[in-house]
Visitor: 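Got a structure here, written out as structure tokens. Questions coming.
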2 protein chains.
Amino acid sequence: MTQKNNDKKDEFDLRNFLPFLLNQAAEESSLEFQRVYKDRYGMLRTEWRVLFHLGNHGEMTARDIVVRAKIHKTKVSRAVRRLQQRRYLQRLRDENDRRVERLSLTTAGQKVYRELSGIAREYDGKLAARFTTGEAALLRMMLRRLAGMD
Amino acid sequence: MTQKNNDKKDEFDLRNFLPFLLNQAAEESSLEFQRVYKDRYGMLRTEWRVLFHLGNHGEMTARDIVVRAKIHKTKVSRAVRRLQQRRYLQRLRDENDRRVERLSLTTAGQKVYRELSGIAREYDGKLAARFTTGEAALLRMMLRRLAGMD
DNA sequence: TCTTGTTAGTTACAAAATCAACTATTATTC
DNA sequence: GAATAATAGTTGATTTTGTAACTAACAAGA
């Protein structure tokens, strides 16, 4: 009773460990898309994330992005600066609370956002096509729950 | 027909983009475990990964780890050195091919591996408990497929 | 109103990751 | 068997990230 005849059951299986699997899947599945924003647009991961959030949600403050995307504020700060240098976004000091900057995409930024989000959607479709519609929906739901996004 | 009355359907939804979801889930779900190996054992992420691979699979070369874990060889090289400095692993020059080093855990390394893998398994159980058994199994299957591990 | 606390965002310094070039050894090909 | 290519692994320079400390603006209580 105490010692099972098949010890294998007690062994830890790294290749089934959820954090490991999630990491591998995340890395593998972003490789191809990464090449697009990196090689074709010279953007870093945090930069396209910020760009996407702004394009997706509209005007936001840096803090909004920190909270919604769970990106550290120093990373956001630096990404915003680089995006601004490339004229993809503009900052607007909020006159009611002068600590706050309201961030929004420029026309150029919106253009890049449209291009990249088109590619992203297509890419997402390709990934999801490996599963049935129901499976894919379930996957997204489970990932949202694991990410604490519900 | 060309222009739908509800434009929302055409909009890109970042929060459903699989690479984004995978990333958020991966980050969130490794946070708690990270605190264990980082704060309690002073290990970096690459280090516990290498340790886990060796503990899980037994003797391997650095290259084996690079291939299986998809970690860059410079990261593996540096992680191996640090693990060796902490006397968690030993290197053995392969006499048949003197370029190769056969890596294995020391007794101390095995002890740490057992402790950490116990915690990991428990933690994995907690994560999986958010779903039904069938859902969790399906999730792992889907992640393996996305990670290119089948 | 002043002083104490909080929040938005930036900056400086240390740690880590990435990329390219390197050494040493083995495999291949002429 | 000498020349060339390929592989295992390391090292160094550059970039990027993470941690802490910082400035500036606002809030709240005495």
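Letters A, B, ... mirror the listed sequences (proteins, then strands); counts begin at 1.
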Visitor: Can you check the B:Arg93 CZ to D:dG9 C1' distance for me, whole Å?
Guide: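 Interatomic distance, CZ of B:Arg93 to C1' of D:dG9: 8 Å.
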Visitor: Aromatic ring centroids of A:Trp48 and A:Phe33 under 6.0 Å?
Guide: yes
Visitor: Are A:Met141 and B:Leu139 connected, step by step, through hydrophobic side chains (Ile, Leu, Val, Met, Phe, Trp, Tyr) whose heavy atoms are closer than 4.5 Å?
Guide: yes
Visitor: One character per nucleotide, please: for nucleotides 11-19 of chain C, 5' to 3', B when the base has a protein heavy atom closer than 4.0 Å, S when only the sugar-phosphate does, - otherwise.
Guide: BB---S-BB
Visitor: How many whole angstroms separate atom CZ of A:Arg91 from atom P of C:dA8?
Guide: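 Taking CZ of A:Arg91 and P of C:dA8, I get 16 Å after rounding.
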Visitor: Please identify each residue that fulfils side-chain contact (heavy atoms from CB on, under 4.5 Å) with B:Lys73, with sequence neighbours left out.
Guide: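 side-chain contact (heavy atoms from CB on, under 4.5 Å) check on B:Lys73 returns B:Val66.
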Visitor: Quick one: is C:dT7 close enough that its OP1 or OP2 comes under 4.0 Å of any side-chain N or O from A:Arg98?
Guide: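 False: A:Arg98 side-chain N/O out of range (4.0 Å or more) of C:dT7 OP1/OP2.
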Visitor: Mind calculating the distance between CG (B:Leu92) and C1' (D:dA8) to the nearest angstrom?
Guide: 16 Å
Visitor: Would you mind telling me which of A:Arg93, A:Arg99, A:Arg98 makes a salt bridge (Lys or Arg N to Asp or Glu O under 4.0 Å) with A:Glu95?
Guide: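 Among the candidates, only A:Arg98 passes.
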Visitor: Whole angstroms only, please: what is the NZ-C1' distance between A:Lys70 and D:dG18?
Guide: 19 Å
Visitor: Over how many whole Å does the gap from A:Gln85 atom CD to C:dT10 atom C1' extend?
Guide: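 Spelled out: CD on A:Gln85 to C1' on C:dT10 is 14 Å.
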Visitor: Rounded to the nearest angstrom, tell me the gap between atom CG in A:Asn96 and atom P in D:dC26.
Guide: 9 Å
Visitor: Using rotation axes that map the C1' atoms of four end pairs onto the next four (five pairs an end), what angle separates the end axes of the helix from C:dT1-D:dA30 to C:dC30-D:dG1, to 10°?
Guide: 10°
Visitor: Between P on D:dA24 and CZ on A:Arg63, what's the gap in Å once rounded to a whole number?
Guide: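 Checked: the CZ to P distance equals 22 Å.
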Visitor: Map A:Arg99 and B:Val80 onto DNA chain D by nearest heavy atom, then report which one ends up closer to the 5' terminus.
Guide: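 First, find each residue's nearest nucleotide; the 5'-ward one identifies B:Val80.
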Visitor: Could you tell me the separation between the CZ atom of A:Arg49 and the C1' atom of D:dT16, rounded to a whole number of Å?
Guide: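 A:Arg49 atom CZ is separated from D:dT16 atom C1' by 15 Å.
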Visitor: Picking from A:Tyr88, A:Tyr37, A:Phe52, what satisfies ring-ring contact (aromatic ring centres under 6.0 Å, His included) with A:Tyr113?
Guide: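 It is A:Phe52; the other options fail the test.
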Visitor: Answer yes or no: is there a side-chain heavy-atom contact under 4.5 Å between A:Arg145 and B:Phe131?
Guide: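 Yes, side chains in contact.
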